[in-house]
Amino acid sequence: MMERPRGTRDFLPAEMARRRETERAMRRTALEFGYGEVQTPTFEQTDLFVAKSGEAIVEEIYVFEDKGGRSLSLRPELTAAVMRLYSTSLTHAPKPVRVFYMGPYFRYERPQKGRYREFFQFGAELIGTPQPEGDAEIIALAVRSIEAAGMEDLEVRVGHVGALRALLGSLGVPAEMAAKAFPLIDKGDIEGLRGLLMDKVEYSSIELIEDYVSTTGDIAVVEGAIASLARFPEVTEALERLKAALEQLDAYEGIGYEVDLGIARGLDYYMGVVFEVDWQGLGAEKQVCGGGAYELGQLFGLDNVPATGFAIGLDRVDIAVSMSSQDGPVREGALVVPMDRDGEVMHLAVAAAEALRSSGIRTELEVMRRGTGKALKGADARLFRWAIIIGSDEVAKGKVAVKDLDSGEQRLVSLDELCDLGI
RNA sequence: GCCGGGGUGGGGUAGCUUGGUCAUCCUAAGGGACUGUGGAUCCCUCGACCCGGGUUCAAAUCCCGGUCCCGGCCCCA
């Protein structure tokens with residue numbers, strides 16, 4: 001038997017309905033915030049991703065050569081393509097530019113729960129404003145979108161990689177070593193961090209760094225850090241920016257967050273305020289969203305294009321939604337049951353089905369030529385709300401029999417009256 | 001890429017340690033008892049040992065390889 005490729009999934013109607021509902025909620029949220037949807041190719045020139053993330057990215061993505069000998073790759077993320085889109089088509093659009101996107105992405109990694117080789121993301125980018133209001137808006141949009149999908153108990157952590165980078169630089173950590181330190185910090189591996197910095201950095205500096213990256217709390221810890229790190233103006237400048245963004249974020253009702261100065265994010269194009277959203281029910285792959293301010297304009301020959309954005313893992317959101325929602329079965333829709341296959345009966349049945357559909361009622365036509373008993377039993381099991389029964393009697397009267405499967409009541413109505421059912 | 005656990009009809013499972021009856025049961029699906037009225041009951045039908053080697057008289061069961069899924073690393077969303 002032919003199996004699906006590793007890390008891919010089929011989505012059955014019930015799952016697809018749930019996923020579409022999530023997408024609909026997020027799309028609506030983004031539109032309400034004034035963001036416009038964009039779509040870019042599913043595959044791009046490999047160089048685009050290499051330019052953004054470095055040569056090592058090739059190990060993690062689906063790379064292939066097309067018949068013209070071009071090296072192409074299935075997109076592993078969308079930020080690079082959006083910046084290209086911006087640089088080619090939106091540089092002269094009114095600022096800021098607000099765009100969002102939704103679709104499939106691909107990574108060659110070991111699949112796990114909430115982690116697939118073909119996965120789906122919803123993301124947004126705010127391009128053109130250097131102000132903290134922008135940072136706050138992007139965080140708010142991310143949280144509002146996830147909440148709109150029905151998730152609760154989100155854990156939002158906000159930090160600033162620019163401040164972290166400046167601190168390491170100010171304490172004499174070489175850039176090369178800082179690059180190795182970032183993943184350790186992001187993971188919270190203090191032991192590993194200490195081992196890395198041991199013989200290159202003074203002990204007091206290591207203590208300072210450990211203390212800094214372990215700092216969590218409310219906005220007061222940012223103020224505290226600003227006060228205690230006054231001798232590093234580059235660091236405090238970045239922290240002032242974080243503080244301003246948080247103050248702005250506080251204006252959004254009900255968005256709780258925790259400051260976490262140890263957020264490093266894996267990718268080195270992040271420059272400013274960064275944030276992550278976790279949901280504990282997901283186990284090892286608990287992060288549902290990541291984002292922050294970045295600088296990618298130079299890849300496309302543009303200087304100083306401030307941008308901030310996020311990506312939400314829709315597969316993880318869907319897992320969370322399916323775990324928490326347990327709506328009871330709802331009767332809805334109609335099944336039209338022709339009693340015999342006489343031409344007039346069949347025609348009236350189709351006409352009834354069409355009338356119901358035109359008034360927005362999900363309507364199926366019984367096409368198995370089943371007996372009434374079986375048909376009604378099936379209609380009940382499949383949770384239809386109405387059965388429309390049509391035989392020669394109905395044809396003779398020019399009406400159809402409508403049975404409410406909830407109450408068991410049945411009455412004869414004309415096709416015109418059928419449309420009132422949906423109310 | 002690494003470590004560990006798994007894979008039996010569409011879904012859920014018994015059997016596997018101690019190889020050997022037509023591979024168990026539930027459910028779903030199709031049909032019938034019921035030729036114009038549902039949730040019940042009964043009957044029938046359909047349908048599986050992940051793939052490939054090996055050991056053996058005999059493999060779902062033991063061994064090896066592969067593959068896919070799950071949990072944890074790595075990495076990341």
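Chain identifiers are assigned alphabetically (A, B, ...) following the order of the sequence lines, protein sequences preceding nucleic acid strands; residue numbering begins at 1 within each chain. As the structure is a computational prediction, the values presented were derived from the model and not from experiment.
- Remark: A/E21 pairs with A/R24 by the salt bridge (Lys or Arg N to Asp or Glu O under 4.0 Å) rule, at least two apart or across chains.
- Applying the side chain to side chain donor-acceptor pair (under 3.5 Å) test to A/E44 and every residue at least two apart in sequence or in another chain returns A/R84.
- Look at the C1' atom in both B/rA28 and B/rU45: the space between them is 14 Å, to the nearest Å.
- Contacts with RNA chain B (heavy atom under 4.0 Å) in residues 366-376 of chain A: A/M368, A/R370, A/T372, A/K374, A/L376, listed by number.
- Among residues two or more places apart in sequence or in another chain, the side chain to side chain donor-acceptor pair (under 3.5 Å) test is passed with A/E23 by A/R20.
- One interatomic measurement links the two molecules: CZ of A/R157 to P of B/rA77, which rounds to 13 Å at whole-angstrom precision.
- Rounded to whole Å, atom C1' of B/rG7 lies 14 Å from atom CZ of A/R6.
- The two residues A/D340 and A/M346 have their closest heavy-atom pair at O-SD, 3.8 Å.
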Give every pair of a protein N or O atom and an N or O atom of nucleotides 39-41 of chain B that lie under 3.5 Å apart, one pair per line with the distance.
unit_1	atom_1	unit_2	atom_2	d
B/rG39	O4'	A/D380	OD2	3.2
B/rG39	N2	A/R331	NH2	2.6
B/rG39	N2	A/D380	OD1	2.9
B/rG39	N3	A/D380	OD1	3.1
B/rG39	N3	A/D380	OD2	3.1

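- Among the atoms of the strands shown, none is found under 4.0 Å from any heavy atom of A/D315.
- Nucleotides B/rC64 and B/rU17 are separated by 15 Å at their P atoms, to the nearest Å.
- Judged as a ring pair (Phe, Tyr, Trp, His ring centres under 6.0 Å), and not counting sequence neighbours, the contacts of A/Y62 are A/Y108.
- Using atom P as the reference point in both B/rC2 and B/rG65, the two lie 13 Å apart (nearest Å).
- Put simply, the residue from A/Y35, A/Y101, A/Y86 that forms a side-chain hydrogen bond (donor to acceptor under 3.5 Å, both in side chains) with A/E125 is A/Y101.
- As rounded to whole Å, 14 Å separates atom P of B/rA77 from atom CD1 of A/I146.
- No engagement by A/G291 is indicated, since no non-hydrogen atom pair under 4.0 Å with the nucleic acid exists.
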Study note, to complete from the structure: Each nucleotide of nucleotides 70-75 of chain B classed B (base within 4.0 Å of a protein heavy atom), S (only sugar-phosphate) or -, in 5' to 3' order, makes BBBBBB

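- Base pairing analysis places B/rC57 opposite B/rG20; the two distances defining the Watson-Crick or G-U wobble pair are each below 3.5 Å.
- When the C1' atom of B/rU35 is taken as reference, atom CD1 of A/I389 falls 16 Å away, rounded to whole Å.
- At whole-Å resolution of the value, CG in A/D10 and P in B/rG11 are 12 Å apart.
- Atom name C1', nucleotides B/rC46 and B/rG31: the rounded distance is 10 Å, in whole Å.
- The list of salt bridge (charged side-chain N to carboxylate O under 4.0 Å, His left out) pairs with a residue in residues 394-403 of chain A, not counting sequence neighbours, is empty.
- When heavy atoms are screened at a 4.0 angstrom cut-off, A/Q410 is found touching base atoms of the nucleic acid.
- Rounded to whole Å, the separation between the P atoms of B/rG19 and B/rU56 comes to 16 Å.
- The cationic group of A/R75 does not satisfy the cation-pi geometry with A/F49, failing either the under 6.0 Å distance to the six-membered ring centre or the 45° limit from the ring axis.
- With sequence neighbours excluded, no residue forms a ring pair (Phe, Tyr, Trp, His ring centres under 6.0 Å) with A/F275.
- When Watson-Crick and G-U wobble pairs are counted only if both distances are under 3.5 Å, B/rG71 pairs with B/rC3.
- Going from the C1' atom of B/rA40 to that of B/rA48 covers 30 Å, rounded to whole Å.
- What separates CG of A/D393 from C1' of B/rG36 is a distance of 8 Å, to the nearest Å.
- Annotation: ring pair (Phe, Tyr, Trp, His ring centres under 6.0 Å) contacts of A/F100 (sequence neighbours excluded): A/F122.
- Both stacking criteria are satisfied for A/F119 over the base of B/rA77: a centre-to-centre distance under 5.5 angstrom and an angle between ring planes under 30 degrees.
- Taking atom CZ on A/R4 and atom C1' on B/rC50, their separation rounds to 13 Å, with Å as the unit.
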What pairs of donor and acceptor atoms, side-chain ones from residues 408-416 of chain A against any protein atom, are under 3.5 angstrom apart with sequence neighbours left out?
unit_1	atom_1	unit_2	atom_2	d
A/S414	OG	A/E417	N	3.4
A/S414	OG	A/E417	OE1	3.2

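- Under a 4.0 Å N-O distance rule, the pair A/R370/A/E366 qualifies as a salt bridge.
- The salt bridge (Lys or Arg N to Asp or Glu O under 4.0 Å) test applied to A/R194 returns A/E210, not counting sequence neighbours.
- Residues A/E394 and A/G7 both approach RNA chain B. Their nearest nucleotides, taken by heavy-atom distance, put A/E394 toward the 5′ side.
- For the P atom pair drawn from B/rU27 and B/rC69, the interatomic distance equals 31 Å after rounding to whole Å.
- Atom CZ in A/R117 sits roughly 12 Å away from atom C1' in B/rU67 (whole-Å rounding).
- Taking atom C1' in both B/rG38 and B/rC51, the straight-line distance is 45 Å, to the nearest Å.
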